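This structure is a prediction, so every number in the text was calculated from the model and none was measured. Heavy-atom basis, side chains included; hydrogens, waters and symmetry copies ignored.
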Amino acid sequence: MPQGQPTSVPDDGLTTRQRRTLPVLAVHTGAGKGKSTAAFGMALRAWNQGWPIGVFQFVKSAKWKVGEEHALKVLGASGEGGTVAWHKMGEGWSWVQREIAESEDAAREGWEQVKRDLAAETYRFYVLDEFTYPLHWGWIDVDEVLEVLADRPGSQHVVITGRHAPEKLVAASDLVTEMTKVKHPMDAGRKGQRGIEW
């Protein structure tokens, strides 16, 4: 395990070992590519530790076949690490205006399922993929999310991805990474490709 010196040690009465095992709330945000990819990398580490993993995709279409889904499902079924459950919220987000109401309802039901799973300690590691969007759009109340996450029992780690992470979420998180775009193939008129985007 990497050794490092913290910049400050809080006066919280906890030992170093107790502080090391506190559950983490992480946020991957920003306009750059790689937010979900980084979260799935964390999920691989969780799988290796034997932790049950719950992935909740809030925005991406249920029709999309992402490589990480297949890989994590195969690993989860291998019996060597943790189990993996993959949840897609309805049909996911569509940029077609008429489907917004359905997407909003699906996102809200997805959040209700996350709340139930947190209360039951169903998973040890949660990926709430693209969850910042329903928060940003006002579909799900940020204050409620922060309260539920602050009160989650046990040692359940949560990583949230997506652009436009609300400031309150950023402030409440333990780990925040902002992906910035320096250059992207789409800027040169190239579309996403197999093995890179999915």
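- Note on Ile140: it clusters hydrophobically with Val170, by side-chain heavy-atom contacts below 4.5 Å among ILVMFWY residues.
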Item to complete: Assess whether ring pair (Phe, Tyr, Trp, His ring centres under 6.0 Å) is satisfied between His164 and Trp137, documenting all intermediate values.
Response: CA-CA 10 Å; His164 311 296; Trp137 294 325; 8.7 Å; no
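- Using a distance-only test at 3.5 Å, with no hydrogens or angles considered, a donor-acceptor pair links the side chain of Thr132 to the main chain of Gly162.
- Taking the six-membered ring where tryptophan is involved, the planes of Phe131 and Phe58 are tilted, since the angle between them lies from 30° to 60°.
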Give the C-alpha distance, both sets of side-chain angles, the deciding distance and a yes or no for side-chain contact (heavy atoms from CB on, under 4.5 Å) between Arg19 and Asp12.
CA-CA 9 Å; Arg19 207 173 293 113; Asp12 55 10; 2.9 Å; yes
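- The minimum heavy-atom distance linking Pro153 with Ala119 is given by the pair CG-O, 4.1 Å.
- Residues Val114 and Leu128 meet the side-chain proximity criterion, which asks for heavy atoms closer than 4.5 Å.
- In Arg194, the CZ atom is not crowded: 12 or fewer heavy atoms of neighbouring residues, nucleotides or ligands sit closer than 6.0 Å.
- With rounding to the nearest 0.5 Å, the separation of NE2 in His28 from OG in Ser36 is 9.5 Å.
- Looking only at side-chain heavy atoms (C-beta outward), Leu118 and Leu149 come within less than 4.5 Å of each other.
- Separating the NZ atom in Lys88 from the CG atom in Asp129 is a distance of 11.0 Å, to the nearest 0.5 Å.
- Side-chain contact between Val27 and Leu169: present, with at least one pair of heavy atoms (C-beta onward) separated by less than 4.5 Å.
- A distance of 7.0 Å separates CZ of Phe40 from CG of Leu72, quoted to the nearest 0.5 Å.
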Arg108 and Glu112: salt bridge (Lys or Arg N to Asp or Glu O under 4.0 Å), yes or no, with the steps? CA-CA 6 Å; Arg108 285 190 178 142; Glu112 291 301 317; over 6 Å; no
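- Follow the hydrophobic side-chain contacts under 4.5 Å out from Ile53 and you never reach Val24; the two are in separate clusters.
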Fill in: Test log, rule side-chain contact (heavy atoms from CB on, under 4.5 Å), inputs His157 and Tyr126
CA-CA 6 Å; His157 303 281; Tyr126 294 74; over 6 Å; no
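- The distance from atom NZ of Lys183 to atom NZ of Lys33, rounded to the nearest 0.5 Å, is 16.0 Å.
- The closest side-chain heavy-atom distance from Leu25 to Ile160 is below 4.5 Å.
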Can you give me every donor-acceptor pair (side chain of residues 77-87, partner residue at least two apart or in another chain, under 3.5 Å) with its distance?
unit_1 : atom_1 : unit_2 : atom_2 : d
Ser78  : OG     : Leu75  : O      : 2.6
Ser78  : OG     : Glu80  : N      : 3.2
Trp86  : NE1    : Gln57  : OE1    : 2.9
His87  : NE2    : Tyr123 : OH     : 3.0

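- A 4.5 Å side-chain heavy-atom check between Arg152 and Glu121 finds every atom pair outside the cut-off.
- The list of side chain to side chain donor-acceptor pair (under 3.5 Å) pairs with a residue in residues 170-182, not counting sequence neighbours, reads Lys181-Asp187.
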Please report the C-alpha distance between Leu146 and Lys168 in whole Å, then the side-chain angles of each, then the deciding distance to 0.1 Å, and finally whether the side-chain contact (heavy atoms from CB on, under 4.5 Å) criterion is met.
CA-CA 8 Å; Leu146 295 179; Lys168 287 182 178 181; 3.6 Å; yes
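- Crowding of Glu167 atom CD: a count of heavy atoms from other residues, nucleotides or ligands under 6.0 Å not exceeding 12.
- At distances below 3.5 Å, not a single donor-acceptor pair connects side-chain atoms of Glu109 with backbone N or O atoms of Ala106.
- Neither Val127 nor Met179 shares a network with the other; the hydrophobic side chains, linked directly or stepwise wherever heavy atoms of I, L, V, M, F, W or Y lie under 4.5 Å apart, form separate groups for each.
- The distance from the CD atom of Glu144 to the CG atom of Leu135 is 10.0 Å, given to the nearest 0.5 Å.
- Residues Arg124 and Ser155 have side chains in contact (heavy-atom distance under 4.5 Å, counting atoms from C-beta outward).
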Worked verdict on Arg163 versus Lys35 for side-chain contact (heavy atoms from CB on, under 4.5 Å)
CA-CA 9 Å; Arg163 297 181 184 205; Lys35 296 176 287 293; 4.1 Å; yes
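- If you take CG on Leu14 and OG1 on Thr21, they are separated by 8.5 Å, rounding to the nearest 0.5 Å.
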